[in-house]
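Below you'll find the structure, written out as structure tokens, and then a few comments.
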Amino acid sequence: MFPKTEITRSFNAPRELVFKAFTESEHLQNWWGPKGWAFDISKLELRQEGVFHYSQTSPDGNVMWVKFVYHEVNAPDKLVYTSFFSDEMGNIVRAPFNDNWPLETLNTFTFTEHEGKTILTMIGAPVSPTEEEMKTYEESQEMVQEGFSGTFVQLADYLSNISYNKKQPQTSLYIENSGVFKFRFI
């Protein structure tokens with residue numbers, strides 16, 4: 001069994017809006033990616049086998065390209081895609097921060113609505129990783145949590161600005177006996 005990361009986060013916004021925030025460029029440009037980085041969408045085709053290809057530029061000018069290939073788009077319930085670091089042309093490349101990072105990751109996002117809030121569950125797992133890639137992924141869970149935590153805080157802030165919500169999340173980490181790393185954002 002490959003290692004996986006599961007993150008659950010509640011947003012004080014309707015499911016349709018949260019789904020759109022993940023799938024429409026006019027929303028993504030306002031919150032996706034590391035804080036302080038410039039974000040540029042090269043291509044966004046929201047459909048099965050469609051592509052989301054973008055670059056992120058750090059404050060010191062380093063450019064990082066990422067590409068998603070969508071496997072399932074079921075608005076507003078679910079998104080499934082593989083993601084990988086890429087070059088400007090969309091070819092798979094090694095992660096700029098670690099040569100042993102898995103080449104591809106399968107990500108499943110489910111969106112459920114409960115009492116006017118959206119519960120987002122993300123499950124991510126390497127695709128066909130080598131033993132060294134699995135080890136790197138397992139050892140990098142804190143980095144993964146921090147990355148998604150920061151990105152989801154930006155999304156919560158963005159959603160609060162467009163839906164007039166002011167409540168901020170709290171975060172906790174726990175590890176199940178199954179080896180699944182879980183992060184809860186309440």
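- Between Phe109 and Phe22, the angle of the ring planes lies from 30° to 60°, which puts this pair in the tilted group.
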inquiry  = Walk me through whether Val69 and Phe84 qualify under side-chain contact (heavy atoms from CB on, under 4.5 Å).
reply    = CA-CA 9 Å; Val69 176; Phe84 50 89; 4.1 Å; yes
request  = Check step by step if side chain to side chain donor-acceptor pair (under 3.5 Å) holds for Glu88 and Ser55.
outcome  = CA-CA 8 Å; Glu88 191 173 349; Ser55 65; over 6 Å; no
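- In terms of modelled atom types and a separation under 3.5 Å, the side chain of Trp101 and the main chain of Phe85 share no donor-acceptor contact.
- Of the possible donor and acceptor atoms, none in the side chain of Glu6 sits under 3.5 Å from a partner among the backbone N and O of Thr121.
- Heavy-atom minimum distance, Leu17 versus Ala13: CD2-CB, 4.2 Å.
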key: Intermediate values then yes/no, side-chain contact (heavy atoms from CB on, under 4.5 Å), Phe148 and Thr5   = CA-CA 11 Å; Phe148 277 105; Thr5 302; 5.9 Å; no
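- Summarising the geometry of Ala156 relative to Arg9, their closest heavy-atom pair is CB-NH2, 3.1 Å, with the distance given to 0.1 Å.
- Phe68 and Tyr70 have perpendicular rings, their planes meeting at more than 60° on a 0 to 90° scale where under 30° would count as parallel.
- When all heavy atoms of Ser128 and Glu133 are compared, the pair lying nearest together is O-OE1, 4.2 Å.
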Audit row: Asn91, Ser86, side-chain contact (heavy atoms from CB on, under 4.5 Å) steps and yes/no = CA-CA 5 Å; Asn91 302 305; Ser86 72; 5.9 Å; no
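- Heavy atoms of other residues, nucleotides or ligands lying less than 6.0 angstrom from CD of Glu26 number more than 12.
- Partners of Asp99 by side-chain contact (heavy atoms from CB on, under 4.5 Å), not counting sequence neighbours, listed by chain and number: Arg94.
- Asn107 contributes a side-chain N or O that, together with a main-chain N or O of Thr105, makes up a donor-acceptor pair within less than 3.5 Å.
- Between Tyr54 and Phe39, the two ring planes are tilted [angle within 30° to 60°].
- A cation-pi arrangement is absent between Arg15 and Phe19, since the terminal nitrogen or guanidinium carbon is not both under 6.0 Å from the aromatic centre and inside a 45° cone about the axis.
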